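To start, the structure under review is shown below, and the notes come after it.
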Amino acid sequence: MYIDDLNPAQKQAVEKTEGPVLILAGAGSGKTKVLTTRIAYLVEDKNVNPGNILAITFTNKAANEMRERVENMVGESSHDMWISTFHSCCVKILRKDINKIGYNRSFVIYDASDQITLVKECIKELDLNDKKFEPKSIISTISSAKDKLMDPKEFARQAGTDFWLKTVAEVYAIYQERLIRSSALDFDDLIFKTVELLKTNEDVLNFYRGKFRYIMVDEYQDTSRAQYELVKMLAMGHQNICVVGDDDQSIYGWRGADIRNILEFEKDYDNVFVVKLEQNYRSTQIILDTANYLIANNTERKKKKLWSDKKDGKPVKVKLLKNEVEEANYVVNEIYENSMETGRNFSEYAVLYRANAQARAVEDALNRFQIPYNIYGGTKFYERKEIKDLIAYLRVIVNPQDDISVKRIINVPRRGIGLKTIEKLEDRASMMKESLYSVLLDVDNNSDISTKSKKGINEFVDLIGIFRSISDGYPPSIMVDKILEMTGYLAELEAQKLKNEKLQNGKSEEAQDRIDNLQEFKSIAIEYEKRDDGSEEVKNLSDFLANISLSSDMDDENSKEMEKVSLMTMHSSKGLEFPVVFIVGMEEKVFPIARAISSLNDSDIEEERRLCYVGITRAMRELYLTHTASRTLYGKTNVNLKSRFLKELPDDSIEILDSTIKPVEYAGKDYSLLQNYAQKYKNSMSVNKAKEIGARILDNKNEIQIDQDVDIKRSEGKGADSYNVESIPKVKKGTIINHPSFGEGAVISKLGGEITVAFNKKGVKKINLEYTTIKVLKY
DNA sequence: GCATGCTCATTTTTT
DNA sequence: ATGAGCATGC
């Protein structure tokens, strides 16, 4: 039986099936194994009806993995369980009963960009100063209100006299009204409205309370107030609630996760059985020591200490490089050499960073070395223009009340309907409190609209009408075909492709990419139609749409199989593991990020520290932490101090590698190394490629030589890690410098970290050297 | 109605 | 550095 594979703590967690259970599962402690075994145990040993089991995760990936593992243990009966994410669980509940709280059951789900569009319209409607009221911050405010189950009224009440909050409350009210009118829910609504449904409909609540007799929640430290409330409502009564989480890995506070949910679980439920899973099966002890020592600096946490029986292990390597280019070269060079020595596959390496913008340098280096990689994050497939257009068509077919989508496609491809016309139509719609589409249907009786526009509008309405009339009879993939053909969307792309081919302006590829993406979308639809997820449900368009709204690129299984190095943020790395991990950018203002440092709230630094903990605990056997003397990020060059987190690591588990910065030599060495690689590398790059790479490195070298004049050196008197402005003592009155944006100029005076410079073109300016890297042209 | 240039901000992100 | 959003001009 599976249970025999478990360690004592894991076994306890599995066998305690009744009553509230809190499993504090450290990184790599086998929590998925515990959860899946627990489910199998419930069914096979406790004879629990599979239909009585609800297991909730945060990501599709986690849900899929769990579903698969449970199915392997208990077979087909797993199909009767609900193993899903919070959001898709809520969609299922809402599809059935949302009409009881005044929504249409064929609602659509608005994503982040739909939210922005909608909020912008609200801002316009209220005629607000959009400098002061940015859509983004309004949305995040509304979102966090919803996470706390605050409706517009409650929000307004709590806003009190604060002008900004009061105004946001107005926006929130209109925003919510518009969502309802469009039969649309945003992601936060999925949870919020489910709670509302259960709160206001006792029969529905009782149905699900009766159904879900055993509830398990994964990643409990990431739950929001609303999710907490939802779980609590369902678990009230039988109290068979088992939550699994790790407060040390709570890294989503900024998006509404409330760490108190896990810290106070024992207060919220009676007689909680607490299990700590502290044996780690992933990493060497030395890596765990490093992680434990770091995280001990946090105050708000449940004490636990990970241990491993992998007593061997290499120390964690810490390396200082000159700048992000050198850093990336170093990392990639190490990956290359390590793979040569150990025979490891490239997929066994990961490079982690704090912000996506840091990926560029690493990518460049990997390209130079011709090492294949996968980068996570960046433009998402479903956010591409052509895909959004297509989805908008599908949504309008399901739900013509969806104004945002109607507006998106009413003139795509062009039907001669201009902005002015759309404005008129919108005004009419809001005046009559009707949907845009119903105004379109009635356009012939609208004297404001020109004949030309009317023609276009009728064309559009007729098309949608046809699509709607046939959509019940065809699967989503066929509807995709029909849309692309009948609207002329595909034809337009083909025409663009041809036109640009003739012009040879390189844009024909773009059109072809779009066509390929649309094809890819169709494949996704076909795959969805073929999918056997155990449910008997008909694969209709609205379920398909919900499905894609709730899934992301990260769920794609195909991409990770390849022999590629992984590049991702530490956030995205949660839940993953790699034999060799590099964390780059271990510098103040990069990691911890500047905003956390300047934040008045200590908890922001603690969250950064937890993120660092997550990063470190991804590593199975080898871990590298790198930092640089100077870094260009967001177009600005900064001289950063070494991250405080590096100083919080235990001396005896880290090895500080030789860090003398000798950039020119380094580049020279690199060049020779690369020539070697050209001969050694198994993909055997061509002679020309090797030459090209050599040339680029030489270019680099030139840059470095110029850079070197800036003379960033360790300032001897100030301890080993200061690289600040005082280390540029040579800059004095009369020094000719080059500023990245002001150009050339002569230094007039110098006071501490600030110099006054007369620029040739921009006049006299004061430059704070703490924030700017200048190049010295002549002393 | 569309292309082109300028200004601006810029964490993390799943659902 | 870069891309998105917006204003301007054809």
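So you know, we letter chains A, B, ... as the sequences are listed, proteins then strands, and number each from 1. Not measured: the values here are computed from a predicted model. These values consider heavy atoms only, across backbone and side chains, with no hydrogens, waters or symmetry-generated copies.
When the P atom of dT15(B) is taken as reference, atom CG of Asp189(A) falls 18 Å away, rounded to whole Å. Distance Arg384(A) CZ to dA4(C) P: 12 Å, rounded to the nearest Å. The distance between atom NZ of Lys136(A) and atom P of dG3(C), rounded to the nearest whole Å, is 14 Å. Distance CZ (Arg631(A)) to C1' (dT10(B)): 16 Å, rounded to an integer number of Å. Note: NZ (Lys589(A)) to P (dT11(B)) measures 16 Å, nearest angstrom. Rounded to an integer number of Å, the gap from CD1 of Ile191(A) to C1' of dT15(B) is 8 Å. Between Glu607(A) atom CD and dT12(B) atom C1' there is a gap of 9 Å when expressed in whole angstrom units. Rounded to whole angstrom, the span from the CZ atom of Phe86(A) across to the C1' atom of dT15(B) amounts to 12 Å.
Scanning for salt bridge (charged side-chain N to carboxylate O under 4.0 Å, His left out) contacts around Glu219(A) gives Lys31(A), Lys574(A), with sequence neighbours left out. Residues passing the ring pair (Phe, Tyr, Trp, His ring centres under 6.0 Å) test with Phe521(A) are Phe544(A), sequence neighbours excluded. Residues passing the side chain to side chain contact (heavy atoms under 4.5 Å, CB included) test with Ser603(A), sequence neighbours excluded: Asn601(A). Under the ring pair (Phe, Tyr, Trp, His ring centres under 6.0 Å) criterion, Phe192(A) pairs with no residue at all, not counting sequence neighbours. Under the side chain to side chain contact (heavy atoms under 4.5 Å, CB included) criterion, Ser137(A) pairs with Glu134(A), Trp164(A), sequence neighbours left out. Glu68(A) is linked by a side chain to side chain contact (heavy atoms under 4.5 Å, CB included) to nothing, counting only residues two or more places apart in sequence or in another chain. For Ala27(A), the side chain to side chain contact (heavy atoms under 4.5 Å, CB included) test picks out Gln249(A), Arg282(A), Leu306(A), Thr617(A), Arg618(A), with sequence neighbours left out.
Both stacking criteria are satisfied for Trp254(A) over the base of dT12(B): a centre-to-centre distance under 5.5 angstrom and an angle between ring planes under 30 degrees. A stacking contact links Phe187(A) to dT15(B): the aromatic ring centre lies within less than 5.5 Å of the base's six-membered ring centre, and the planes differ by less than 30°.
Judged purely by distance below 3.5 Å, without hydrogens or angles, the side chains of Thr626(A) and Glu327(A) pair a donor atom with an acceptor atom.
Note on Ile417(A): only backbone sugar-phosphate atoms sit closer than 4.0 angstrom, heavy atoms only; bases stay farther off. Residue Arg360(A) is classed as a sugar-phosphate contact, given heavy-atom separations below 4.0 Å to backbone atoms only. Within the nucleic acid shown, Phe58(A) comes within 4.0 Å of sugar-phosphate atoms alone, with no base atom in reach, counting heavy atoms only.
Here the nucleotide nearest the side chain of Arg595(A), chosen from dT13(B), dT10(B), dT15(B), is dT10(B). Considering only side-chain atoms of Thr85(A), the nucleotide from dT11(B), dC6(C), dT15(B) that sits closest is dT15(B). You'll find that the side chain of Arg414(A) is closest to dC2(B), out of dC2(B), dT11(B), dT15(B). The side chain of Thr569(A) sits closest to dT12(B) out of dT15(B), dT12(B), dT11(B).
Among the duplex regions that DNA chain C forms, those built from at least three successive Watson-Crick or G-U pairs under 3.5 Å are B:1-10 with C:1-10, ordered by first number.
A donor N or O paired with an acceptor N or O is not found under 3.5 Å between the base of dT12(B) and the side-chain atoms of Arg255(A).
Each of Glu588(A), Glu587(A), Glu326(A), Glu324(A) was checked for a salt bridge (Lys or Arg N to Asp or Glu O under 4.0 Å) with Arg631(A), and the lone residue meeting it is Glu587(A).
Atom CZ of Arg360(A) has 12 or fewer neighbouring heavy atoms from other residues, nucleotides or ligands inside a 6.0 Å radius.
Phosphate proximity of dA1(C) to Thr632(A): absent, as no side-chain N or O sits under 4.0 Å from OP1 or OP2. An OP1 or OP2 oxygen of dT12(B) is reached within less than 4.0 angstrom by no side-chain nitrogen or oxygen of Tyr353(A). Using a 4.0 Å cut-off, some side-chain N or O of Asn60(A) falls inside it from OP1 or OP2 of dT15(B). At the phosphate of dT11(B), neither OP1 nor OP2 sits under 4.0 Å from any side-chain N or O atom of Asn356(A).
A cation-pi arrangement is present between Arg95(A) and Phe107(A) under the rule of less than 6.0 angstrom and at most 45 degrees off the ring axis.
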Using a cut-off of under 3.5 Å, enumerate the N/O to N/O pairs linking the protein to nucleotides 7-10 of chain C.
none

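Taking for each of His87(A) and Lys420(A) the nucleotide of DNA chain B with the nearest heavy atom, the 5'-most of the two is the partner of Lys420(A). When each of Leu611(A) and Lys452(A) is assigned the nucleotide of DNA chain B bearing its nearest heavy atom, the one mapping closer to the 5' terminus is Lys452(A).
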